[in-house]
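Just so we're on the same page: letters track the sequence lines, and every chain starts at 1.
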Protein chains: 2
Amino acid sequence: MARSNRQVKLLEIIKTHEVERQSDLVALLKEAGFDATQATISRDIKELGLIKTAMHNKKYRYIVVESKEGDVPSKLFELFKEAVKKVNVSLNIVVLNTIPGTANSAAALLDSLSISGILGTVAGDDTVIIVTESIEKAPLVAERMRSML
Amino acid sequence: MARSNRQVKLLEIIKTHEVERQSDLVALLKEAGFDATQATISRDIKELGLIKTAMHNKKYRYIVVESKEGDVPSKLFELFKEAVKKVNVSLNIVVLNTIPGTANSAAALLDSLSISGILGTVAGDDTVIIVTESIEKAPLVAERMRSML
DNA sequence: TATTATAGTGTATAAAAATTCACGATACGA
DNA sequence: TCGTATCGTGAATTTTTATACACTATAATA
């Protein structure tokens, strides 16, 4: 699925570049081998919940923000960050390795977020298994996890 | 200064309304007695660092986000929230009342944020005195403090 | 299989947001 | 008090972003 790959790349680009506008994104994605128009990028940005904001240098930049609106008490995020050590993908499964005993709370956060693409999660002691909708979605979900660390 | 008042009102509006676009803001501000054009609102939004983002209902909405980009370890924010009990203004001074012993860390956060309009801060045991640039700026700074709680 | 959804996209356009330019008000020095 | 600089603003415009519409491909259903 080209779409998921593009969106993963898009997140990556946004974190590593100072993207001022969508047309820049079109260009950067093209460099990376993804052909998409501004219209598509606009839709991706909406779906991924990305935002454009003024930086201190007075330039605009697209960025990723975690907790927006009433999303979730950010303490849970703190917890998540402390707990999760590694994020890996295998086929349609994302595996989180956590500090022993914290897998459950990490999973709890995931559940409360109702992240798109996730079918379900199971938490052991130091491992969370996340089942995603498809092989294509898995890297996107993983990227989302990493972006929370 | 009409500008500061407008911006304070603007923040207030944004937190209490689902503002989808700047022209809505123009209208709402007009109701509140502030006449400003879209151009001015656009500038205010840039200055205040507000953002437009897609909500879960797929509508766009302007919101305030605290920690953007590499802004500050969000733990400091947690601390700030726990510490600060009240925010008051008098002339060009904003006074924070905190839990005893925490005023210093609250002030530390403020310093690290380099918030515009603040000349300097002094922290006692349970009180932070914030000196702002002008009487007009003080309510804006206070609003910023409150928005972090 | 034929038929009907559904998702993803580009093109063209509408809509929204940012900025350029000009101007008025205020502050500051000479 | 001038002249000069700075700031905030609106009008008009440019730039950027979102979406309506049409089309294709793929999946789901009878």
Separation of B:D35 atom CG from D:dG8 atom C1', in whole Å? 15 Å

C:dA17 OP1/OP2 closer than 4.0 Å to side-chain N/O of A:R21: no

Between the base of D:dG8 and the side chain of B:R6, is there a donor-acceptor distance below 3.5 Å? no

Output, in order, the C-alpha distance, side-chain angles, deciding distance and verdict of side chain to side chain contact (heavy atoms under 4.5 Å, CB included) for A:I63 and A:I51. CA-CA 6 Å; A:I63 62 173; A:I51 62 175; 3.5 Å; yes

Between CD1 of B:I51 and C1' of C:dA18 the distance, given in whole Å, is 17 Å

Between C:dT9 atom P and A:F34 atom CZ, what is the distance in whole Å? 11 Å

Kindly say if A:S42 contacts the phosphate of D:dT17, meaning a side-chain N or O under 4.0 Å from OP1 or OP2. no

Taking the nucleotide of DNA chain D with the nearest heavy atom to each, does B:A39 or A:I41 sit closer to the 5' end? B:A39

Report, as yes or no, whether the 6.0 Å neighbourhood of atom NZ on A:K15 holds more than 12 heavy atoms from other residues, nucleotides or ligands. yes

Rounded to whole Å, the CD-C1' distance (A:Q7 to C:dG8) equals 11 Å

How about NZ on B:K86, more than 12 heavy atoms from neighbouring residues, nucleotides or ligands closer than 6.0 Å, or not? no

Across the strands shown, which category fits A:T40 at heavy-atom distances under 4.0 angstrom: base, sugar-phosphate, nothing? sugar-phosphate

A:Y60 atom OH is separated from C:dA16 atom P, nearest whole Å, by 17 Å

One should read off an interatomic distance between A:I13 CD1 and A:Y62 OH, to the nearest 0.5 angstrom, of 13.5 Å

With a 4.0 Å cutoff (strictly under), does any side-chain N or O of B:K52 reach OP1 or OP2 of C:dA17? yes

Check: C:dA16 base within 3.5 Å donor-acceptor of B:Q38 side chain: no

So, does B:K46 get its side chain near the phosphate of C:dA17, meaning an N or O under 4.0 Å from OP1 or OP2? no

For B:I45 and for A:E47, locate the closest nucleotide of DNA chain C by heavy-atom distance; then report the residue assigned to the nucleotide nearer the 5' terminus. A:E47

Classify the nucleic acid contact of A:D44 as base, sugar-phosphate or nothing, counting any heavy atom under 4.0 Å across all strands shown. nothing

So, using side chain to side chain donor-acceptor pair (under 3.5 Å) as the criterion, who are the partners of A:K52 when residues are at least two apart? none

Greater than 12 external heavy atoms within 6.0 Å of A:K46's NZ: yes

For A:R43 and for A:Y62, locate the closest nucleotide of DNA chain D by heavy-atom distance; then report the residue assigned to the nucleotide nearer the 5' terminus. A:Y62

Tell me if a side-chain donor or acceptor on B:R6 pairs with a main-chain N or O of B:D35 at a distance below 3.5 Å. no

Could you check which residues of residues 22-33 of chain A get a heavy atom under 4.0 Å from DNA chain D? Sort them by number, please. A:Q22

May I have the distance from B:R61 (atom CZ) to C:dA16 (atom P), rounded to whole angstrom? 17 Å

